Amino acid sequence: MQQLAGKRILTVEDDYLIAGMLADHFRSAEASILGPYATLEAAECHAFGADLAVLDVNLRGEQVFRLADRLQRARIPFVFYSGRDMAEIPARFADVARLGKPCSPDEAVDLARAELDGQEATVDQVLPRLRVSARLLVPDSLAADRLVEATLKLALEEEMDLSGTTLAGWLHQLMARALEARAHHLFN
């Protein structure tokens with residue numbers, strides 16, 4: 001198992017047992033745990049001391065997206081952690097990694113390590129997440145694959161500009177443009 005020694009991981013989860021298991025996953029990799037916090041208000045008070053945040057999408061009926069927006073502006077990496085349908089996550093977070101409930105310790109630690117290592121560095125590493133995002137945007141799997149193809153074509157046509165974003169973020173921006181420009185072609 002990869003180590004997270006000394007990294008501060010904020011866990012935001014309202015189910016006590018799940019929060020404890022998630023914290024244990026990260027402690028086993030030598031991370032320091034901030035939380036777990038069961039409310040948005042408590043998490044917001046401690047979020048900016050974190051190296052990474054793991055956010056349950058729904059905290060006792062309250063959506064966590066306000067905190068996600070703040071973390072994004074502060075450039076603190078985060079992942080969504082949910083047992084619910086990930087399609088409920090707004091499109092503005094299409095490039096944010098997702099961790100399903102329940103998860104194995106290896107899944108949690110590997111995803112945290114990847115996020116802390118500065119996101120994916122190559123298209124090969126980003127492509128699986130891009131495909132998942134396309135399938136969340138377009139329910140038809142063939143149309144979703146055509147959307148990924150259109151996105152990659154746009155990427156080849158444009159000069160890569162990663163200022164203020166990651167490769168995944170840039171490709172997801174291109175995907176939004178491809179969907180807007182080519183929506184009628186994707187379904188034919």
Side-chain angles (χ1 to χ4, degrees), residues 4 7-29 31-120 126 128-139 164-173 175-176 179:
L4 298 171
K7 298 297 182 182
R8 297 168 311 232
I9 300 179
L10 175 79
T11 57
V12 182
E13 169 60 59
D14 59 354
D15 182 294
Y16 179 77
L17 292 175
I18 293 173
M21 287 188 321
L22 185 62
D24 287 345
H25 295 344
F26 295 124
R27 279 191 197 102
S28 70
S32 295
I33 305 303
L34 303 176
Y37 298 104
T39 66
L40 195 55
E41 290 76 27
E44 286 176 327
C45 290
H46 302 279
F48 301 100
D51 294 308
L52 172 77
V54 179
L55 309 175
D56 182 8
V57 172
N58 187 331
L59 300 171
R60 297 184 180 134
E62 189 172 16
Q63 301 295 315
V64 75
F65 305 124
R66 179 179 80 205
L67 175 58
D69 284 325
R70 292 182 68 201
L71 290 168
Q72 213 165 37
R73 284 191 300 274
R75 298 192 180 277
I76 296 172
F78 61 94
V79 299
F80 288 118
Y81 180 59
S82 182
R84 305 178 116 204
D85 185 0
M86 293 290 195
E88 295 176 13
I89 297 172
R92 70 183 182 272
F93 299 117
D95 65 327
V96 175
R98 293 156 167 84
L99 185 62
K101 287 183 192 174
C103 66
S104 73
D106 286 339
E107 285 177 292
V109 170
D110 288 347
L111 183 58
R113 181 82 257 146
E115 293 302 309
L116 288 167
D117 283 345
Q119 304 291 337
E120 298 89 348
V126 174
R129 190 185 305 175
L130 199 63
R131 291 187 76 212
V132 168
S133 296
R135 289 182 185 211
L136 292 173
L137 292 169
V138 181
T165 190
T166 62
L167 177 61
W170 180 66
L171 287 171
H172 278 86
Q173 291 168 6
M175 180 183 285
L179 180 61

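Note that this is a predicted model, so its numbers are computed, not measured.
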Nearest-0.5 Å distance, [atom1] of residue [X] to [atom2] of residue [Y]:
X: Gln72; Y: Arg92; atom1: CD; atom2: CZ; result: 8.0 Å
X: His46; Y: Arg8; atom1: NE2; atom2: CZ; result: 13.5 Å
X: Leu71; Y: Arg66; atom1: CG; atom2: CZ; result: 11.5 Å

I need the single residue from [options] that forms a side chain to side chain contact (heavy atoms under 4.5 Å, CB included) with [X]. Which is it?
X: Glu62; options: Asp14, Leu40, Thr39; result: Leu40
X: Leu4; options: Leu52, Asp51, Leu116; result: Leu116
X: Leu55; options: Phe78, Phe93, Tyr81; result: Phe78

Once side chain to side chain contact (heavy atoms under 4.5 Å, CB included) is applied, do any residues pair with [X], and if so which ones, sequence neighbours excluded?
X: Ala108; result: Leu22, His25, Phe26, Leu99, Cys103
X: Ala43; result: Val12, Tyr37, Leu67
X: Ala97; result: Val79, Leu111, Glu115, Arg129

List the residues meeting side chain to side chain donor-acceptor pair (under 3.5 Å) with [X], not counting sequence neighbours, and say none if there are none.
X: Asp24; result: Arg27
X: Gln63; result: none
X: Arg70; result: none

Exercise. For the residue pair Ile76 and Ala50, what are the closest heavy atoms and their distance?
Worked result: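 Taking Ile76 first and Ala50 second, the nearest heavy atoms are CG2-O, 3.8 Å.
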
For this session: Give a yes or no on this: more than 12 heavy atoms of other residues, nucleotides or ligands lie within 6.0 Å of atom CZ of Arg135.
Result: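 Counting other residues, nucleotides and ligands, CZ of Arg135 exceeds 12 neighbours.
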
